[in-house]
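Working notes, beginning with the structure itself.
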There are 6 protein chains.
Amino acid sequence: MPFVVTSIDRAPTDIVNGFAEIGVATVHEAQGRTGLMAAHMRPVWKGARVAGSAVTVSLPPGDNWMIHVAVEQCRDGDIMVVAPTSPCEDGYFGDLLGGSCMARGIRALVIEAGVRDTADLAAMKFPVWSKAICSQGTVKETLGDVNLTVVCGGAIVNPGDVIVADDDGVVVVPRANAATVLKASRDREAKEAKTRARLNAGELGLDIYGMRDRLKEKGLTYVERLPGK
Amino acid sequence: MPFVVTSIDRAPTDIVNGFAEIGVATVHEAQGRTGLMAAHMRPVWKGARVAGSAVTVSLPPGDNWMIHVAVEQCRDGDIMVVAPTSPCEDGYFGDLLGGSCMARGIRALVIEAGVRDTADLAAMKFPVWSKAICSQGTVKETLGDVNLTVVCGGAIVNPGDVIVADDDGVVVVPRANAATVLKASRDREAKEAKTRARLNAGELGLDIYGMRDRLKEKGLTYVERLPGK
Amino acid sequence: MPFVVTSIDRAPTDIVNGFAEIGVATVHEAQGRTGLMAAHMRPVWKGARVAGSAVTVSLPPGDNWMIHVAVEQCRDGDIMVVAPTSPCEDGYFGDLLGGSCMARGIRALVIEAGVRDTADLAAMKFPVWSKAICSQGTVKETLGDVNLTVVCGGAIVNPGDVIVADDDGVVVVPRANAATVLKASRDREAKEAKTRARLNAGELGLDIYGMRDRLKEKGLTYVERLPGK
Amino acid sequence: MPFVVTSIDRAPTDIVNGFAEIGVATVHEAQGRTGLMAAHMRPVWKGARVAGSAVTVSLPPGDNWMIHVAVEQCRDGDIMVVAPTSPCEDGYFGDLLGGSCMARGIRALVIEAGVRDTADLAAMKFPVWSKAICSQGTVKETLGDVNLTVVCGGAIVNPGDVIVADDDGVVVVPRANAATVLKASRDREAKEAKTRARLNAGELGLDIYGMRDRLKEKGLTYVERLPGK
Amino acid sequence: MPFVVTSIDRAPTDIVNGFAEIGVATVHEAQGRTGLMAAHMRPVWKGARVAGSAVTVSLPPGDNWMIHVAVEQCRDGDIMVVAPTSPCEDGYFGDLLGGSCMARGIRALVIEAGVRDTADLAAMKFPVWSKAICSQGTVKETLGDVNLTVVCGGAIVNPGDVIVADDDGVVVVPRANAATVLKASRDREAKEAKTRARLNAGELGLDIYGMRDRLKEKGLTYVERLPGK
Amino acid sequence: MPFVVTSIDRAPTDIVNGFAEIGVATVHEAQGRTGLMAAHMRPVWKGARVAGSAVTVSLPPGDNWMIHVAVEQCRDGDIMVVAPTSPCEDGYFGDLLGGSCMARGIRALVIEAGVRDTADLAAMKFPVWSKAICSQGTVKETLGDVNLTVVCGGAIVNPGDVIVADDDGVVVVPRANAATVLKASRDREAKEAKTRARLNAGELGLDIYGMRDRLKEKGLTYVERLPGK
């Protein structure tokens, strides 16, 4: 039975917004290397970096009806996360829906399927991460669900989770962990800044991270030339 | 027996050119969602939008001889559509052939295989849609056909059909339908312009398209919280 | 038993640098159509064109420890070539390692796996060719080898081989052949320049390459219309 | 922080066993078309049909250490469900582990990665569904989790869920729904038996399902020949 | 506008049946290496070899309604050829439809999508060639066409064309060419029988086909050891 | 310049034959987890287990001429290893060549491309490992090399190397290491036999391999229930 859940909990706005300054790779590390969507989830245009609260959509292959339903459930600061019930590359979303989303304050679309009107979406600066670019049209015949748990790009997304996306891909931060993960992300960034400065100055990771003893212990052998060559 | 058909019918120039102003997604919709090439047919560089008359080429894997034959059969305003007889990623086409095509007024290449010298092709502004980018060279040993029906990217292309391509991909308009489809495309654009204005102003698709009754009738259920959660 | 070979032979610097002015497709042709990596090895950002001496790394899936080891083995003008022992898309390399490489004079990374922090890598102008873009982190637990023969993107790479890469992909020139292949590449470029001028002026490849007789001999048949149509 | 959860709830044995008589397609339908793993999860040998309680394993690419840990957590009637944290085809599991599983009463392995010794596994009649067959060895260096929620083949699996698998693939039934879904599956089978008899006797689905009116209403047009042909 | 064409021309029964004795590879060669479906079209069970007249179905992703419509249009000796309008792996067809097809004398299903109940289909000996095996259910909401031209597995199929399929895959013979191609296939088989006998007796293809002179002329060089090794 | 090297060194016959009794996974382990071909190299029919000396063939996409040349270079006990110069699925090899190979004592074909007449090859019991099954014909126009180093399925193969193949895939043993690897394989088998007996008797790998301390040290935590659940 298809449901639209109209009331979802979101992380506090300042927490959500804080993630927009942090790269996907850092957030992924900061929460213990979890929540990353698969590498086939790619930005339609490069350079966007966003964070927002997930409104989730589950819908059939080749049918985008529920996206229209979901737009109404979104509010300022949300990111729509769309997962078909079976693999599909059709163009579920184009410039008209992009305009509708922007009018509603929706920050981005994450969809494990295709989108179209991509030149327009880029010109409008509406960020989209998708599995494919494809003009194939969809129908409006079969219902799905809004704001139930979905699997998108291999990651579990619950409504209200924080979605962070940049040129590297998309990561999901469970709502309940958002504040903790944001702090851990910032700590990691601060720590990395120091390491970065040392690496850029020519120090080796081998020394900074103190790896030499453990490499030797594991049996790494340095030779000038390979034996017998 | 390999044939080159030297005389093909094309759609009127103004009809063909009219398509260059319209996006692939719109044309695809306007002709009843037919004729779209598969999503793996991607532009080598972004931002081109072209329309032209198809000169079709069928050739073996790893052999680009027939492209040289086909250049002679093209005239100003044509788009070369190349389909290998089995899957191949080799680089059939580079900057030399690109220059030859441009000298002949050929507007673009659509090839279900690989191309190379892509930085040069982008600098020359010669538009190419292909399945792959690959430097692997080809031979000139085995014949194929020019201007017979081909399947390219899963779409049937007859010589003289109108090819429309942009960042979204490639669509084929049968020559006999070109005028009708162009008109339908323009009508669709006009209609979409109005819808776009309303969506951009914040009206919902649910209301503009009058979807609420049918959603209810199909059984869509709005709940504040999921039962049992 | 894991080895790091510390002393490798490189081609003379002027030979290596000479390749940076020549496209991958030309080099590939000039050495008899060998040494090309597969088409899935794509640049993370477009527009780079580099040549350098290979320092090779073989490592396990999901473990980037040996990259840290390999940085130390690189010197100015090298390109790191990384091949996992089984298919993997994880993000082995990001902006920190990029900075470390640049500090060491490493010219590029070629990796048959994933990389992350790609917006930073592009901003830093550190060129990377990879199979995937993915934030998934890696561990530092299992050893591999540095400067042994590897297969990367289907091509054999020996340490000290010349790596040439541009928007078309990556080609490997065996060290011993570097001078010969560079000369052959330049000869080919000179010859192509003349052909290019003729093609751009509208001459046909059919005439420039003298193909008409052989096409006829092979049985190519020109007809105005297909028989029976 | 890596956890092994030692106490999980399972569905009643008779319920679990009941599923072994029912095909995956039927179970999938009976629970509202949810819980199906992706089509790339294929049986290593054909003809097995099993049901069991999930013991879930999350582990790194190329590292099968946690499978050894998980064997101990399984008991008679369980199915081990293994999901790497990033895509991997390595051979995590072979005949030795197969024997260990059988000694423990484990009914099958479902793994979104590779397995090896497949001729032995077939001879032993230990059923395996996997993404790949590959001999590539794995290490034992990095921890993962046992009996936490995983995503395997795109489906969410909680420990104790019922796993049903046959030549068609794998479906997951949430533990709490097992009894209901089993009943619905049996009802569906009974109903299908009647329909099957009618179809086998030559009645048309169009008539049995009463589709003709709705097809007409939707606009389906029967013509002897296509207009204009 | 969706059409069902009710009257199609088929090749004579004895011609169609003649193809069932001939392998797909032979038929493909005998008609000039055309009409072959792509390698991803695989038999669900091995050992079937069939020929029949195509009844073609074009339908949406995830919607099998038109298969029910098409069954009625088939008659004894037909093969149903089903092509979704965009890539889809869903299970459009199972044992119920298989029984319905067999009751109607339909000889096989060829579908560029998924099927389910595959153990049953094998037990029933109903031959199926498909792109995937998947239990995912489909809906019955959107119309398509029966007996219009389709592209299936990259091959053009017109209603009434002869479909030949075996463990190697599927080939399409245009109806008008059926008699000619059958004769050419038989001639080829007769000729191959002689060559086979000679090859099995140890004669070399180099001698039987008289290749040695042309190999030498092309520049093939026999050396005992590679120069410089 | 295309070469056929007519004199290659092979491992002693008894060494080569010894490998036929050992599984691919064991050999791969015994030689330090090297030499394995990629998982897409699959047996055309199941149940074969072979070992032989490699005769290597490099040839163009869609052109099987060099296979005919290579047959002559093979002798009793050889396995032909065929690698196209770019990715290709065409059917390079069928029952005629299979018969020719068998007449010559060739034990198997390993080809990173397609084969056809697969029902015949299975009936003849000629073992083949390939990337695809496809009837698409090939030409005989362009030369390649016999008995030069090739990369096949991602593995380096030198002529005379030992090829071992079974249902798990294909592994390459460098000729010079053959005796050592055979011994190591047998030692491993003997050792595994003991472990197998213990595992089959119900002992846990955790205990047999003494893993418990290291797991604890790495931080693995056993909990009855997840904290907070």
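Note on naming: letters A, B, ... go to the chains in the order of the sequence lines (proteins, then strands), and numbering restarts at 1 for each one.
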Minimum-distance pair of heavy atoms, taken over all atoms of A:L143 and B:G219: CD1-C, 3.8 Å

Shortest non-hydrogen contact between A:T6 and B:E224, atoms and distance: OG1-CA, 3.2 Å

Closest heavy-atom pair and its distance - A:H68, B:G205: ND1-CA, 4.0 Å

Closest contact, heavy atoms only, A:L96 versus B:E192: CD2-O, 3.9 Å

Chain B contact via A:L148 - which portion, at a heavy-atom distance below 4.5 Å: side chain

Sidechain-backbone polar pair: B:K46 side chain, A:A119 backbone, donor-acceptor under 3.5 Å: no

Short side-chain to backbone donor-acceptor contact, B:N200 and A:A103, under 3.5 Å: no

Chain A contacts, top residue of B:M41, B:E29, B:K218, B:R214 (heavy-atom pairs, under 4.5 Å): B:R214

A:Q73, part contacting chain B, at a heavy-atom distance under 4.5 Å: side chain

For the student: nearest non-hydrogen atoms of B:A25 and A:R116, plus distance: CB-CD, 3.7 Å

Carboxylate-amine/guanidinium contact A:D9 B:R225, below 4.0 Å: yes

Option in B:T26, B:V171, B:L36 with maximal non-hydrogen atom pairs under 4.5 Å from chain A: B:L36

Point-to-point distance, once rounded to the nearest 0.5 Å, from OG of A:S135 to CG of B:D166: 6.5 Å

